[in-house]
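The basis for the numbers below is simple: all heavy atoms, side chains too, and nothing from hydrogens, waters or symmetry mates. Counting starts at 1 for both ligands and their atoms, following the listed order.
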Amino acid sequence: MIRCFIGLGANLDQPVQQLEQALNALRLLPASRFVNCSAFYGSKPMGPQDQPDYVNAVAELATTLAPEALLDELQRIEQQQGRQRKDERWGPRTLDLDLLLYGNQQIATERLTVPHYGLPEREFVLYPLHDIAPELQLPDGRMLRDLLTQVPRNGLHQLS
Ligand SMILES: CC1(C)Nc2nc(N)[nH]c(=O)c2N=C1O
């Protein structure tokens, strides 16, 4: 089984419920075991500010699905929850599921870049990820805990 981490984000149509529904779908993925999920966080939008704050979390799965098969499943869940792939770039969305890490693999295909390119500088990814994997070392050798020291919380706050 490969240990992988999924970033969850939503800022439309009752984002907390969107994340809870997405977690239920992740629990049902084939050839996979749901391991854990961070707390839910409120975060300021990265990119255009004329959109609602986001709700973010990071989940851990153990899977035998190949990376692109896992990506297919994540995109299916997004679409099931109303995400239109034509969403404007960096615009608001009902649900984002990003494959952040797939074991220790570094992947660069047409469809998939892993580790996720935004991981090292996004507080709404780093802090929830650290919640559930404080000892994590990235494929390039950097320690997650060291990346955290470089990225301010920028108003990131746990939701009750
Ligand atoms: C539009 C962009 C870059 N901004 C975000 N900003 C925040 N705070 N959280 C997100 O999940 C998120 N996702 C995005 O795709």
Side-chain angles (χ1 to χ4, degrees), residues 3-27 29 34-61 63 67-68 70-102 106-134 136 138 140 142 144-160:
R3 187 181 190 209
C4 61
F5 293 90
I6 314 285
L8 295 86
N11 73 336
L12 292 177
D13 306 338
Q14 300 183 290
V16 168
Q17 286 84 329
Q18 294 288 343
L19 263 61
E20 284 168 352
Q21 192 178 341
L23 289 172
N24 290 336
L26 291 176
R27 287 188 181 93
L29 286 185
F34 182 89
V35 175
N36 195 4
C37 187
S38 71
F40 286 11
Y41 284 85
S43 64
K44 294 194 195 91
M46 177 183 167
Q49 297 297 299
D50 57 340
Q51 60 180 309
D53 283 358
Y54 278 78
V55 177
N56 285 109
V58 172
E60 178 180 356
L61 296 182
T63 187
E68 303 223 340
L70 178 54
L71 178 65
D72 289 341
E73 296 286 349
L74 299 182
Q75 290 181 343
R76 175 182 54 77
I77 296 167
E78 286 177 336
Q79 279 144 26
Q80 273 171 343
Q81 295 188 213
R83 165 99 186 246
Q84 306 303 323
R85 292 303 298 172
K86 63 181 184 310
D87 281 350
E88 69 185 273
R89 184 167 153 68
W90 288 26
R93 65 275 321 279
T94 46
L95 180 67
D96 238 357
L97 295 178
D98 290 328
L99 183 52
L100 302 172
L101 291 164
Y102 185 88
Q106 294 176 310
I107 302 166
T109 67
E110 270 299 298
R111 295 182 64 204
L112 201 49
T113 302
V114 177
H116 189 278
Y117 70 93
L119 190 153
E121 73 261 353
R122 294 182 174 191
E123 73 281 356
F124 54 85
V125 172
L126 288 171
Y127 287 87
L129 180 57
H130 184 262
D131 278 356
I132 59 174
L136 199 71
L138 299 186
D140 66 6
R142 288 182 293 177
L144 175 61
R145 68 169 67 86
D146 296 334
L147 290 179
L148 225 60
T149 62
Q150 307 300 312
V151 177
R153 291 184 70 94
N154 186 33
L156 188 77
H157 55 281
Q158 268 200 30
L159 300 178
S160 54

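- Of the protein's non-hydrogen atoms, the one nearest atom 13 (N) of ligand 1 is Asp96 OD2, 3.7 Å.
- Residues Asp131 and Tyr41 have side chains that bring a donor and an acceptor to within less than 3.5 angstrom of each other.
- When each atom of ligand 1 is checked for a heavy atom of Ser43 under 4.0 Å away, the hits are 7 (C), 8 (N), 9 (N).
- Numbered from 1 in the order shown, with element, the atoms of ligand 1 that lie under 4.0 Å from a heavy atom of Pro45 read 6 (N), 8 (N).
- With no hydrogens or angles considered, no side-chain donor-acceptor pair links Asn36 and Glu60 at under 3.5 Å.
- Under a cutoff of 6.0 Å and an axis angle of 45°, Arg122 and Tyr117 form a cation-pi pair.
- Protein heavy atom nearest atom 6 (N) of ligand 1, with residue, atom name and distance: Met46 N, 2.9 Å.
- Contacts between Asn56 and ligand 1, counted as non-hydrogen atom pairs separated by less than 4.0 Å, involve the side chain only.
- Ligand 1 lies out of reach of Gly47, whose nearest heavy atom is not under 4.0 Å from it.
- Exactly one of Asp53, Leu95, Val55 qualifies for a side-chain contact (heavy atoms from CB on, under 4.5 Å) with Pro15. That residue is Val55.
- Contacts between Trp90 and ligand 1 below 4.0 angstrom, taking non-hydrogen atoms only, involve backbone and side chain alike.
- Contacts of Arg93 with ligand 1, taken as heavy-atom pairs under 4.0 Å, involve the side chain alone.
- In the model, Arg93 has no side-chain atom that pairs as donor or acceptor with a side-chain atom of Gln51 under 3.5 Å.
- Judged by distance alone, the side chains of Asn56 and Ser43 do bring a donor and an acceptor atom under 3.5 Å apart.
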